[in-house]
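Since the model is a prediction, treat every value here as computed from it, not as a measurement.
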Amino acid sequence: MELFTFYNVENLFLPDIKPIHKLDPTKSGLRNWDERKYNNKLFKIANVFQLIKEENGVLPFLIGLSEVSGRKVLEDLVKMDPFHSEFGIVHYNSMDERKVDVAMLYDKSKIEVIDSEAITFFFEIKNKNTEYYDTTRDVLYSKLKYKGEIINVFIAHLPSKREKDVNKPKRDFILAEIRNRILNIVNSSNEHVVLCGDFNENPDDENLTNILYDDNHNKILENPFNELFSTGNFSTFHYKSGLLFDQIILSKSFFNDHNNIGLSFQSAEIFKSEKISSRNKQFSGRPFRTYAGTRYLGGYSDHFPVFVKFKE
């Protein structure tokens, strides 16, 4: 069995330099984000993967992450238990205004990275003048070899639903570009595709339904998180609404009993262990987050991790 996990880790920043004046802006944008809080956060994120290992018997062989700021935080993370520096890192600095990126960790004993790139998006915001553009988080693409077979992995953290969803056109554009890339792979090869991330959309939203089909309405991808969402399972919350923005979408090849990869889809799950859930009865069943607004709670993340289980 193998696990593929995606986890939005909620603002994993290096500690801030102590501001000269109390109200000076900080790099992280977090309040009093110091060494102690950073180390506590790292310990907690690493512990989530230890808990996943204890519950499933294996560590994920591939991990997609979002809301990480820079490579150093990833280097600090993989030194800890249960990774023991046996996991490699694929990461590029994006031009996101908040300086948060997506990244991939991989078990070096199982995975060979053949190629990787950051897919960057620019959005003009004023009179088509190149001096005025808006940037967002990159989509991370990696071409991997596992037991002689190729897996193409796309990791995304799409622009958020804020201010009456002003970012929807950006999400539409990014997902259309990813869909084109996936179509090229599926139509020209027998290679396998995983698209995962925090899509800021639920599985039944139009974008995430459209991406499953080619131009002839043939299904090319499966989203196993559709069923979880339809039965009231959520990875994050906004006020009273449960959301399943965190998803792992797979090419049809993982559902074919006759594939050569030795990996076939078994199940999709949201890892919502009580140990990483809110301690507040009012928010029972929700993730135990690091911050609520500016108030430090000392939790893990405002998202639960999601994973797909493969049979070998």
Side-chain angles (χ1 to χ4, degrees), residues 1-9 12 45-66 68 71 73-91 102-116 139-156 185 190-198 221-225 235 246-257 259-271 273 276 301 303-312:
M1 184 181 72
E2 296 286 8
L3 299 181
F4 185 117
T5 303
F6 174 78
Y7 193 14
N8 178 331
V9 294
L12 182 55
I45 298 300
N47 183 241
V48 169
F49 290 100
Q50 180 63 38
L51 292 170
I52 289 173
K53 182 184 179 185
E54 287 170 10
E55 195 166 293
N56 295 279
V58 291
L59 261 180
F61 75 137
L62 284 167
I63 298 166
L65 297 173
S66 70
V68 297
R71 188 181 178 89
V73 298
L74 298 163
E75 291 171 348
D76 289 348
L77 180 63
V78 298
K79 285 175 190 167
M80 304 180 77
D81 293 349
F83 301 111
H84 304 296
S85 298
E86 290 164 5
F87 273 63
I89 296 165
V90 181
H91 167 267
V102 293
M104 187 181 76
L105 306 181
Y106 62 95
D107 185 332
K108 290 188 281 191
S109 70
K110 297 178 179 179
I111 295 290
E112 178 191 345
V113 179
I114 297 169
D115 193 15
S116 69
V139 174
L140 178 61
Y141 167 72
S142 302
K143 192 181 189 79
L144 311 173
K145 187 181 274 190
Y146 170 86
K147 293 190 174 176
E149 289 286 324
I150 301 299
I151 309 175
N152 298 274
V153 178
F154 295 85
I155 303 171
I185 294 167
N190 296 318
E191 295 172 4
H192 309 277
V193 177
V194 179
L195 166 60
C196 71
D198 176 348
L221 301 173
E222 293 281 353
N223 187 349
F225 287 83
S235 60
D246 308 281
Q247 300 157 55
I248 301 167
I249 301 170
L250 306 168
S251 58
K252 295 282 287 180
S253 52
F254 287 108
F255 298 82
N256 180 355
D257 291 335
N259 72 30
N260 301 320
I261 194 173
L263 285 178
S264 59
F265 173 78
Q266 184 175 339
S267 62
E269 295 178 37
I270 302 161
F271 187 71
S273 161
I276 66 170
S301 170
H303 290 244
F304 286 128
V306 297
F307 66 83
V308 163
K309 204 177 273 187
F310 293 113
K311 287 181 289 196
E312 282 188 274

Taking the six-membered ring for Trp, is the centroid-to-centroid distance between H192 and F254 below 6.0 Å?
yes

M104 and its side-chain contact (heavy atoms from CB on, under 4.5 Å) partner, picked from I63, I89, L62:
L62

Decide, yes or no, whether a salt bridge links R71 with E75 under the criterion of side-chain N to carboxylate O below 4.0 Å.
yes

Write down the atom of V58, the atom of L3, and the distance for their closest heavy-atom approach.
O-CD1, 3.7 Å

Is there a side-chain contact between V306 and Q247, using heavy atoms and a 4.5 Å cut-off?
no

Of all the heavy-atom pairs spanning F83 and V78, show the shortest one and how long it is.
CB-O, 3.3 Å

Using only heavy-atom distances, determine whether the side chains of Q50 and D81 contain a donor-acceptor pair under 3.5 Å.
no

Looking at every non-hydrogen atom in both residues, tell me the closest pair between S85 and K79 and how far apart they are.
OG-CA, 3.7 Å

Could you tell me whether K311 and E2 make a salt bridge, using a distance below 4.0 angstrom between a side-chain N and a carboxylate O?
no

Would you sort out whether I248 and F225 count as a side-chain contact (heavy atoms from CB on, under 4.5 Å), showing the intermediate values?
CA-CA 7 Å; I248 301 167; F225 287 83; 3.7 Å; yes

If you compare all heavy atoms of L59 against all heavy atoms of P82, which two are closest, and at what distance to 0.1 Å?
CD1-O, 3.5 Å

What do you reckon, are the aromatic ring centroids of Y146 and F61 less than 6.0 Å apart?
yes

Heavy atoms only: give me the nearest F6-L65 pair and the separation to one decimal.
CE1-C, 4.0 Å

Within-4.5 Å side-chain heavy-atom neighbours: L77 and L105
yes

In sequence, state the C-alpha distance, the side-chain angles, and the governing distance for T5 and F271, and then conclude on side-chain contact (heavy atoms from CB on, under 4.5 Å).
CA-CA 10 Å; T5 303; F271 187 71; over 6 Å; no

Working to the nearest 0.5 angstrom, can you tell me the gap between I45 CD1 and S301 OG?
6.0 Å

Minimum-distance pair of heavy atoms, taken over all atoms of H303 and D198:
CE1-OD2, 3.2 Å

Apply the test side-chain contact (heavy atoms from CB on, under 4.5 Å) to residues N152 and I150: give CA-CA distance (whole Å), side-chain angles for both, the deciding distance (0.1 Å), then the verdict.
CA-CA 7 Å; N152 298 274; I150 301 299; 4.0 Å; yes

